[in-house]
2 protein chains.
Amino acid sequence: MSLRMALLGLLEENGAASGYDLTKAFEKSTSNVWTAKHSQIYPELRKMETDGDVTAVAEGARGKRTYRITDEGRTELRRWLVETDPNRSTRSEACLRMFMLPLLEPEEAVPLLRAEAAVYDIRITRLRSIAERAREEERTQDWYQCLMGVNNMSGLRDWASFVADDIEKRAAGA
Amino acid sequence: MSLRMALLGLLEENGAASGYDLTKAFEKSTSNVWTAKHSQIYPELRKMETDGDVTAVAEGARGKRTYRITDEGRTELRRWLVETDPNRSTRSEACLRMFMLPLLEPEEAVPLLRAEAAVYDIRITRLRSIAERAREEERTQDWYQCLMGVNNMSGLRDWASFVADDIEKRAAGA
DNA sequence: AATAGCATGTAAGAAGTTACATGATTTC
DNA sequence: GAAATCATGTAACTTCTTACATGCTATT
């Protein structure tokens, strides 16, 4: 259900969009919380059309199909958000990896942790400026979404720095 | 590969373990970063045995099989950690949902966001105390892992609170 | 003797990835 | 006219979930 709900959410937020647009949207903002490739998105949109959650409002050049969320889709999205309880399990290969880095020897673990922290740092800076622009232009949804990314990544960056420091301290002490 | 690496990581960390033990471990600490059910874990362990990443070191009552990581498995895990670059995409239904809550009317979104924040708050408190115990008992790996959960959840909790406040403020202003 | 927990397994189906495939349009 | 980008599709494969299935052991 999650992919469908993500697509409905994007359509609700951005009005009409093509599979191509939605693929881009996944690459951009949504990728912090969910991912999907075009090979999954196109067939899902067709199924959603069959199920009445979306309608194709235009068919353009190069086979382009633009979809819009229907009232039925809107109701389904709402019900999912309000009435079902969330599956709180998470899958993040990057986190799994960081989780296990302390298994390595300090000389290996520390630089890898610092490198991770640096990667997140760059991403946070970039996302923060995108967030700021969204705020200024009063694209509130976008702003909130960017902030979630910033918060998530800040937690990871701080964790990686802290653990790197701690491992170093212990290695020095031993 | 992620499931396999997660299992190798757990075996490296905890010494020998059965599929049952590993399933428990996934439910506990690992679930913050990766999840797997027993129906996926048992067959994967058999495959890992065939591939030489683990060996069964004991077969006990009720068909119990205890596995240990081999040198080959250790090498594979190390290589994965050190040489391959991470897939940074994330899947979290709970985040996806929070991501979309601001699409609802303020009267609906705000209580749901506050409820989410409260759930995370409880979990953070619990995890922090588990972390503290791990630190005292010098189970350093466990400590780091708990802290990652704390950091991740704190980011989400703060985000939810902030967004709830912001929506309320805007609704009052409008 | 019933319940909870230990311990594993498999089959069917859903979800997700990788790779191949096609062709139009815009920009340089 | 080459390259980038727009735009969609599908087949084969891997991964993951749900549900069913079995039977032992410890506790109350």
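Just so we're on the same page: letters track the sequence lines, and every chain starts at 1.
A:Arg4 and A:Glu44 are joined by a salt bridge, as a carboxylate oxygen and a charged side-chain nitrogen come within less than 4.0 angstrom of each other. Using a 4.0 Å cut-off between a side-chain N of Lys or Arg and a carboxylate O of Asp or Glu, A:Arg114 and A:Asp121 do not qualify as a salt bridge. Salt bridge A:Glu108/B:Arg78: present, at least one basic N to carboxylate O contact under 4.0 Å. With respect to the salt-bridge test (charged N to carboxylate O, under 4.0 angstrom), the residues B:Arg79 and B:Glu76 do not qualify. Between B:Lys24 and B:Asp21, none of the side-chain N atoms (NZ, or NE/NH1/NH2) sits under 4.0 Å from a carboxylate O, so this pair counts as no salt bridge.
Once you apply a 4.0 Å limit to the heavy atoms of chain B, the touched nucleotides of DNA chain C run 5' to 3' over C:dG5 to C:dT17.
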Its contact letters, B for base, S for sugar-phosphate only and - for none at protein heavy atoms under 4.0 Å, make nucleotides 14-19 of chain D read -SSBBB
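Proximity of A:Ser18 to the phosphate of D:dT8: a side-chain N or O atom is located under 4.0 Å from OP1 or OP2. Regarding contacts with the backbone of D:dT8, a side-chain N or O of A:Tyr42 is found under 4.0 angstrom from either OP1 or OP2.
Across B:Glu116, B:Glu93, B:Glu27, a single residue satisfies salt bridge (charged side-chain N to carboxylate O under 4.0 Å, His left out) together with A:Arg88, and that is B:Glu116.
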Check the pair A:Tyr144 / B:Asp166 against side chain to side chain donor-acceptor pair (under 3.5 Å), numbers first and verdict last.
CA-CA 10 Å; A:Tyr144 293 154; B:Asp166 194 73; 2.7 Å; yes
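Within the structure, salt bridge (Lys or Arg N to Asp or Glu O under 4.0 Å) pairs that include any residue of residues 137-156 of chain B comprise B:Glu137-B:Arg139, B:Arg139-B:Asp142 (at least two apart or interchain).
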